[in-house]
Amino acid sequence: MTPTAGLRLSQLISKTLRQAPADTETISHQLLLRAGMIFPGAAGVYSYLPLGWRAFKKVENIIREEMDRAGGQEALFPGLQPLELWQETGRNTAFGPTMFSIEDRKDRRLVLGPTHEEVVAQLARSYVRSYRDLPVLVYQIQNKFRDELRPRGGLLRGREFSMKDLYSLDADEAGLDHSYQLMIDAYRRIYERCHLPAVIVEADSGAIGGKESHEFTSLTPTGEDEIIHCPSCTYAANLEKAQGQKGEAPTDALLPLDEIATPSIKTIEALAQFVGVPTSRTLKAVFYSVDGKVVFTVIRGDLDINEVKLKNLLKCNELRMATEEEVAGAGLVAGSASPLGLKGIPTMGDDSIALGANLVAGANRDGYHVKNVNYPRDFQVDTIGDIASAAAGQGCPRCSAPLQAGRGIEVGHIFKLGTFISQKIGAAFLDQEGASRPVIMGSYGIGVGRLLAAIVELHHDDKGITWPLSIAPYQAYLCPLYGDGSQVGEVTEELYQEMLKVGIEVLFDDREDSPGVKFNDADLLGIPLRLVISQRSLGKGNAEVKWRTEKQPQLLPIEGLAQQVKALLWGS
RNA sequence: CGGGGUGUGGCGCAGUGGCAGCGCGCAUGGUUUGGGACCAUGAGGCCGGCGGUUCAAAUCCGCCCACCCCGACCA
């Protein structure tokens, strides 16, 4: 006998909301709230109510099955971790205030785990002795805590959220590459089973650290991530990481410097227009406060600084735009700042400053600019590299076709960590030659709730959620329309038991409400298959069966309906 | 943290100094039952909090808090 997987709607703790709470914006946030699937606790913190929890568990189980299939071993690591563990790798400073930190009764500092690389490295330190112990894939599905700067979009970014995090331990780079590929394949299957199209993009590794990293992104116009992708080859990257061809090599003969008056010109656009050149013939200066010091950056005028790239190049913890006071305090003139004759301030240049000749730059004197500035003839920078944001229209770094920009939701992120954590934690093993070597790690995360929200973002219509069958909290919505003195009640009760018996997950709308109320709730809740039992069709021995995403119902005989419905569901 | 917004019954909202209201929902009774029915009668609010101004504050002033949205961060 299959365990009962039915629920009488009249007994459900949550109620549907006719209107979405006014202060919500994101569609998945609104629908999950309206459907009574989640309930807000604090900013970025939610309860999962019974229907939402069932959908959550379906996603979770798909992830679990695919991790197991890939050879992952499920475990559960502590959410509470001693701060000392984080001090061993120094990542407490990289995470900074994002980590929730508490004190126990003995004033010992603990953090609420934002991720678990340290814990796993500790495990490796204890258990991994020999190359024979490798490779290992170990994972957990557990709530993470991150005091995000700004939680948003309901389940899309919370401060407490469930994440599947798998860690690979390998003996060498080839092993890591293999583990990495296993995970890519597993992730692809997960998204497929969730009916969530996702593309893999190159990404920055951020606070997690490491050398190589990819994100899985579900492309949707409402997404929070900007993606740069090439329409003609497979290149795709997160904006933080994306590269675009900057074009325009210097061909002109270098002309002598020429200072010109540029009264009240403050922006690059105004300057270019005033001088009569494209913005790509100008130099733009931007100032940052980097760990408390002012840093001068210079980039070609048509490009924008990418702060993530800059931060990576500088290897700093805190980076923000410098304030006016800081700029003035460093002796710079905002609006006419110049790399020319600059001294005493660290300078960073985008490599685009070498592309193009005879550029217009500031004179570091209010109201003046200088023409025919050329790098490196007229100025130098301390560091030069790619610190520009790629943009649509630039050439693809692989095939030169014009790049396109799009938006997406990050639904997974994988990292080749290498050895920087294992080295610091002291997780080492003996190789075949008997030499001690640090374990090579990878880490692979999927936010379960975010995945659920992303599914709603992609699967809804104006009436509500349209869950894929694999995710829906229940497979069928049993909807009797109680007329007076009819058989509908009895027949439906019987059918309900029958459906449970054959193993269908059924939500039984046993409420005495009017048809409109019930139909609208059925649509809002997004249950894939709806069964209407009413006097109308019952008279001819039929019931109406309708897919959520289809307009027209089909009539099926009430006799043996449970089996028929099962066939429909299993066959789809 | 910077910028913007909102806090009045479960949800959506009105209420510019003088009795705290409306719609939906909820309860009871009745009539209804194929896309959010109708009538009647009810219940339900420390107007986010603290302080101030005033004879009188949801309303004016100050401080604080919470939540939402934009940015930096992230699964």
Side-chain angles (χ1 to χ4, degrees), chain A residues 14-26 29-30 33-34 36 39-45 59 63 94-99 114-115 141-166 187 203-208 213 215-218 224-225 238 240 288 306-308 311 318-321 323 409-415 443-454 463 479-486 488 511-524 530 532-537 544 546 553:
Chain A
S14 61
K15 302 275 183 283
T16 55
L17 253 32
R18 193 173 286 208
Q19 289 151 303
D23 49 13
T24 57
E25 195 90 1
T26 313
H29 191 192
Q30 292 183 338
L33 242 22
R34 280 188 59 204
F39 187 81
V45 177
V59 173
I63 295 171
F95 272 86
T98 300
M99 285 208 290
T115 178
I141 301 173
Q142 185 215 36
N143 279 9
K144 300 288 181 282
F145 297 88
R146 293 183 190 173
D147 196 359
E148 295 287 347
L149 291 170
R150 185 164 81 86
R152 54 161 289 212
L155 257 29
L156 280 176
R157 177 170 47 204
R159 295 192 297 172
E160 176 180 359
F161 62 97
S162 174
M163 179 162 96
K164 182 286 301 176
D165 43 327
L166 182 142
Y187 275 38
D204 181 76
S205 55
I208 301 287
S213 159
E215 275 177 23
F216 290 86
T217 297
S218 214
E224 52 181 345
D225 273 19
N238 192 299
E240 294 166 356
Y288 288 93
N306 179 324
E307 293 185 12
V308 174
K311 197 171 171 180
E318 199 209 336
L319 181 137
R320 57 171 172 79
M321 297 283 275
T323 62
I409 299 169
E410 179 188 350
V411 289
H413 202 157
I414 60 178
F415 305 83
S443 113
Y444 314 82
I446 287 187
V448 186
R450 178 180 285 183
L451 206 51
L452 192 68
K463 295 294 236 175
C479 186
L481 303 180
Y482 300 113
D484 55 332
S486 74
V488 169
R511 301 171 302 172
E512 300 268 355
D513 282 290
S514 71
V517 171
K518 295 177 140 189
F519 292 159
N520 279 300
D521 277 347
D523 288 344
L524 177 58
R530 189 186 76 187
V532 175
I533 313 300
S534 73
Q535 199 55 44
R536 193 183 214 158
S537 44
E544 276 172 39
K546 186 184 95 65

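Chain identifiers are assigned alphabetically (A, B, ...) following the order of the sequence lines, protein sequences preceding nucleic acid strands; residue numbering begins at 1 within each chain. Everything quoted here is computed from the prediction, not taken from an experiment.
In this structure, the nucleotide among B/G12, B/G35, B/A75 sitting nearest to the side chain of A/Lys546 is B/G35. When each of B/C69, B/U33, B/C73 is scored by its nearest atom to the side-chain atoms of A/Leu149, the top-ranked nucleotide is B/C73. Candidate nucleotides B/A75, B/G12, B/G36 were compared by shortest atom distance to the side chain of A/Gln19, and B/G12 ranks first. Residue A/Glu25 places its side chain closer to B/C69 than to any other of B/C69, B/C74, B/C67. Looking at the side chain of A/Pro21, the nearest of the listed nucleotides B/C67, B/C11, B/C74 is B/C11. With distances taken from any side-chain atom of A/Arg34 to the nucleotides B/G36, B/A75, B/C13, the minimum falls on B/G36.
Rounded to whole Å, the P atom of B/A66 lies 24 Å from the corresponding atom of B/A58. Comparing B/U54 with B/G17, their C1' atoms are spaced 9 Å from each other, to the whole Å. When the P atom is used for both B/C11 and B/C67, the distance is 15 Å, rounded to whole Å. Remark: the separation of the P atoms in B/C13 and B/U6 is 12 Å, to the nearest Å. For the C1' atoms, the distance linking B/G29 with B/G49 amounts to 42 Å, nearest Å. Rounded to a whole angstrom, the distance from the C1' atom of B/A75 to that of B/A57 is 48 Å. Taking atom P on both nucleotides, B/G9 is separated from B/G45 by 11 Å, rounded to a whole Å. Rounded to the nearest Å, the gap between the C1' atom of B/C68 and that of B/U28 is 38 Å.
A straight line from NE2 of A/His29 to C1' of B/C68 spans 9 Å, rounded to a whole angstrom. Separating the CG atom of A/Asp204 from the C1' atom of B/A72 is a distance of 13 Å, rounded to the nearest angstrom. Nucleotide B/C68 holds its P atom 9 Å from the CZ atom of A/Arg159, rounded to whole Å. In this structure, OH of A/Tyr187 is placed 10 Å from P of B/A75, rounded to the nearest angstrom. For the pair A/Arg150 CZ and B/G2 P, the interatomic distance rounds to 15 Å; values are reported in whole Å. When rounded to the nearest whole Å, the span between CD of A/Glu148 and P of B/C68 equals 13 Å.
Within 3.5 Å, a donor on the side chain of A/Asp225 pairs with an acceptor on the base of B/C74, or the reverse. At a cut-off of 3.5 angstrom, the base of B/G35 holds at least one donor-acceptor pair with the side chain of A/Arg530. Counting atom types as modelled, A/Arg152 pairs no side-chain N or O with a base atom of B/C73 as donor and acceptor under 3.5 Å. Judged by distance alone, with hydrogens and angles left aside, A/Arg157 brings a side-chain donor or acceptor within reach of the base of B/C73, the pair sitting under 3.5 Å. Remark: the A/Asp23 side chain and the B/G5 base include no donor-acceptor N/O pair separated by less than 3.5 Å.
Across A/Arg450 and A/Leu156, no two heavy atoms sit closer than the pair NE-O, 2.7 Å.
Looking at which nucleotide of RNA chain B each of A/Val308 and A/Leu17 is closest to, the 5′-most match is held by A/Leu17. Positionally, the nearest nucleotide of RNA chain B for A/Pro515 lies more toward the 5' end than for the other of A/Pro515 and A/Gly449.
Interatomic distance, CG of A/Leu524 versus OG1 of A/Thr16, reported as 6.0 Å (0.5 Å rounding).
Stacking between A/Phe519 and B/G36 is absent: the ring centroid is not both under 5.5 Å from the six-membered base ring centre and under 30° in plane angle.
Across all strands shown, B/A43 forms no Watson-Crick or G-U wobble pair with both key distances under 3.5 Å. Pairing for B/G10 goes to B/C24, judged as Watson-Crick or G-U wobble with the two contacts each under 3.5 Å. Figure legend. B/C50 is base-paired to B/G62; pairs are counted as Watson-Crick or G-U wobble with both atom distances under 3.5 Å. Across all strands shown, B/C1 forms a Watson-Crick or G-U wobble pair, both distances under 3.5 Å, with B/G71. The pairing partner recorded for B/C38 is B/G30, the criterion being a Watson-Crick or G-U wobble arrangement whose two distances lie under 3.5 angstrom.
Contact between the side-chain N/O atoms of A/Thr24 and the OP1/OP2 oxygens of B/C68 is not found at any separation under 4.0 Å.
The closest side-chain heavy-atom distance from A/Asp225 to A/Glu215 is below 4.5 Å.
The cationic atom of A/Arg146 (NZ for Lys, CZ for Arg) does not lie both less than 6.0 Å from the six-membered ring centre of A/Phe95 and within 45° of the ring axis.
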